[in-house]
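Comments concern the structure below.
We're numbering straight along the sequence, starting at 1.
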Amino acid sequence: MASDGARKQFWKRSNSKVPGSLLRATPKVPTTPVKAKRGSTFQEFERNTSDAWDAGEDDDELLAMAAESLNTAVVMETANRVLRNHSQQQGCHKPPGALEPEQKLKPSVEPPLVPSGDLRLVKSVSESHTSCPAEELRKLSWSGIPKPVRAITWKLLSGYLPANVDRRPATLQRKQKEYFAFIDHYYDSRTDEVHQDTYRQIHIDIPRMSPEALILQPKVTEIFERILFIWAIRHPASGYVQGINDLVTPFFVVFICEYIDEEDVDTADVSCVPADALRNVEADTYWCMSRLLDGIQDNYTFAQPGIQMKVKILEELVSRIDGQVHRHLDQHEVRYLQFAFRWMNNLLMREVPLRCTIRLWDTYQSEPEGFAHFHLYVCAAFLVRWRKEILGERDFQELLLFLQNLPTAHWGDEDVSLLLAEAYRLKFVFADAPNHYKK
């Protein structure tokens, strides 16, 4: 029949790749069906199988993780895998002679190579004729931002700078001019009766900040006083609250690094920085800090309801993640507010070194509502990170003392990356299923 040829053509197998199709050495498809050779192992079968949904992302791995128990060893192993996959872009193959996974986990004296994502970030941000899409910039920044482009990347991620390259100089000039207009208009009122209590508290709190070698330099102290006072005057709903002062430091340090060559900025001398550059740093710090606080201002309004709510959610979340740790704290009458209030109020800045805070904020600014929402999962992962030590303490006083003075002085980027990977896993499991952590 004439239709036989058309029927055969209709049922002819397509040469295009379909989900679950076997990869063959030649694209030619045999006319007679050939039964696929069964692999000796699942891993071998997986290597020989093409999946249209397998795009090299972490989603499948995270789905598998959702079904696993929260064993510390499993968490650490999985976190490392997530981080490696996150840093390596599609198409990157293992070079000859590359280290095995167990070798990669060992600390090395050599500085780590810049991941391919970081190289793309440097290129997209630093080239004057390129505007990197916001979503792409967030993806590239999640695993850490290279120091040479961290300042401009933070300004872009916070929404302070526009994505359009041509508009950036005019925007910077306008915002810097606007900030110093606030200084001229408001700062002289710091000694007025209505504002003197606010200024006095700021003046008391700044010397308590760290790093002391940087903060206690007269020029830096004056900059911090102006930033905090102007913000308090312009936000009467909250005014100045202790804890806000700490949020200035990461922005100031990152932005001042554009003008300082020293590796250890904690002890850098800002007196060598030109006055115009310091003015730019001060204005940029103010606006970026304001952007951050706009998203978490309920943390600092009367009675700090935002913090109260987040500590309560943290307690419920930990009770689901690690019931043994939660029961141990409850058994010894340790209340979450006694240690986690500061974690929310200062965004963990008092718990980890400044270098770790800056790395943490790379990811916070890459996450939707990173400071308001993702921080909650970071705190949960941070608490469970000390599971062994917590369960080893059998006294209220010792428990609380440990939780308020966690041994993180020697933490580095690897520790923060593992913490963030575990927080991302928790977010994946719990964020879209709030009933999981509701009693």
Side-chain angles (χ1 to χ4, degrees), residues 147 150-151 154 176 179-180 182-183 186-191 195-235 239-290 292-293 300 342-343 345-361 404-412 416:
K147 186 177 178 181
R150 180 173 271 135
W154 277 26
Q176 289 163 1
Y179 169 72
F180 284 103
F182 294 153
I183 296 290
Y186 295 115
Y187 196 59
D188 286 342
S189 68
R190 65 189 183 281
T191 55
H195 297 316
Q196 62 182 4
D197 288 343
T198 296
Y199 180 74
R200 185 187 301 114
Q201 190 61 55
I202 292 171
H203 191 71
I204 291 171
D205 288 345
I206 288 177
R208 300 171 179 170
M209 297 168 62
S210 63
E212 292 182 1
L214 177 67
I215 303 298
L216 295 182
Q217 295 179 46
K219 286 187 177 180
V220 178
T221 300
E222 291 171 8
I223 288 173
F224 277 48
E225 286 180 352
R226 286 195 292 266
I227 289 173
L228 291 168
F229 182 77
I230 295 302
W231 189 89
I233 294 300
R234 297 193 68 243
H235 296 81
Y240 173 74
V241 178
Q242 286 177 303
I244 293 177
N245 53 312
D246 283 328
L247 308 185
V248 181
T249 308
F251 289 115
F252 180 81
V253 167
V254 167
F255 297 157
I256 202 71
C257 280
E258 289 188 291
Y259 306 97
I260 293 178
D261 294 330
E262 297 180 39
E263 188 65 29
D264 187 8
V265 74
D266 292 10
T267 57
D269 183 7
V270 301
S271 63
C272 62
V273 179
D276 288 345
L278 272 179
R279 284 172 61 88
N280 294 343
V281 169
E282 179 177 349
D284 295 345
T285 299
Y286 170 81
W287 287 114
C288 288
M289 185 201 73
S290 297
L292 185 162
L293 287 169
Y300 305 104
R342 189 171 72 181
W343 295 7
N345 192 51
N346 303 86
L347 298 178
L348 288 177
M349 283 194 60
R350 296 293 178 100
E351 320 310 319
V352 298
L354 179 59
R355 62 183 178 275
C356 295
T357 296
I358 291 173
R359 168 63 191 91
L360 202 62
W361 285 24
Q404 292 178 343
N405 299 275
L406 294 165
T408 60
H410 300 292
W411 269 32
V416 176

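Between V248 and T285 there is a side-chain heavy-atom pair separated by less than 4.5 Å. For the pair P207/L216, a side-chain contact is recorded, criterion being any heavy-atom separation below 4.5 Å from C-beta on. Considering only heavy atoms from C-beta on, F182 stays 4.5 Å or farther from I233 through its side chain. Between L354 and P211 there is a side-chain heavy-atom pair separated by less than 4.5 Å. V281 is not listed as a side-chain neighbour of V273, based on a closest heavy-atom distance of 4.5 Å or more. Here the side chains of F252 and M289 are not in contact, with every heavy-atom distance at 4.5 Å or above. No side-chain heavy atom of I202 sits under 4.5 Å from any side-chain heavy atom of N245. A 4.5 Å side-chain heavy-atom check between Y186 and H195 finds every atom pair outside the cut-off.
A distance-only check finds no donor-acceptor pair linking the side chain of T191 to the backbone of Q196 [under 3.5 Å]. Panel note: side chain Q201, backbone Y240; no donor-acceptor pair is recorded below 3.5 Å. The backbone N or O of W231 lies less than 3.5 Å from a partner atom in the side chain of H235, making a donor-acceptor pair. Using modelled atom types, no side-chain atom of R208 and backbone atom of D205 make a donor-acceptor pair closer than 3.5 Å. A donor-acceptor contact shorter than 3.5 Å links the side chain of R355 to the backbone of W411.
Closest of all the heavy-atom pairs between K147 and C257 is CE-SG, 4.0 Å. In terms of heavy-atom proximity, L347 sits nearest to L292 at CD1-CD2, 4.3 Å. Taking every heavy atom of both residues into account, V416 and L360 meet most closely at CG1-CD1, 3.8 Å. Of all the heavy atoms in Y300 and N345, the pair that sits closest is OH-O, 2.7 Å. Considering every non-hydrogen atom in both T249 and S210, the closest pair reads CG2-O, 3.8 Å. Between A283 and Q176, the shortest heavy-atom contact is CB-CG, 3.5 Å.
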Verdict with reasoning, N280 to Y259, per side-chain contact (heavy atoms from CB on, under 4.5 Å)
CA-CA 11 Å; N280 294 343; Y259 306 97; 4.3 Å; yes

Evaluate side-chain contact (heavy atoms from CB on, under 4.5 Å) for Y179 paired with I227, printing each intermediate quantity in order.
CA-CA 9 Å; Y179 169 72; I227 289 173; 3.6 Å; yes

Go through the steps to decide whether E282 and F180 satisfy the test side-chain contact (heavy atoms from CB on, under 4.5 Å), and finish with yes or no.
CA-CA 9 Å; E282 179 177 349; F180 284 103; 4.1 Å; yes

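Shown here is H203, whose NE2 atom has no more than 12 heavy atoms of other residues, nucleotides or ligands within 6.0 Å. Counting non-hydrogen atoms of other residues, nucleotides and ligands closer than 6.0 Å to CD of Q404 gives a total above 12.
For the atom pair CG (L348) and OG1 (T408), the distance works out to 9.5 Å, reported to the nearest 0.5 Å. The CE atom of M349 lies 5.0 Å from the OG1 atom of T357; values are rounded to the nearest 0.5 Å. Once rounded to the nearest 0.5 Å, the distance linking CZ of R150 with CZ of R359 reads 8.0 Å. How far NZ of K219 is from CG of L214: 13.0 Å, rounded to the nearest 0.5 Å. Atom CZ of R226 and atom CD1 of I183 lie 6.0 Å apart (nearest 0.5 Å). One distance of note links CZ of R200 with CZ of R190; it measures 13.5 Å at 0.5 Å rounding.
Ring geometry, F251 versus W154: the interplanar angle exceeds 60°, so the pair is classed perpendicular (tilted spans 30 to 60°). Ring geometry for F229 against Y187 counts as perpendicular: the plane angle is over 60°, on a 0 to 90° scale with 30° as the lower cut.
D246 and N346 form a side-chain donor-acceptor contact under 3.5 Å, judged by distance and modelled atom types alone.
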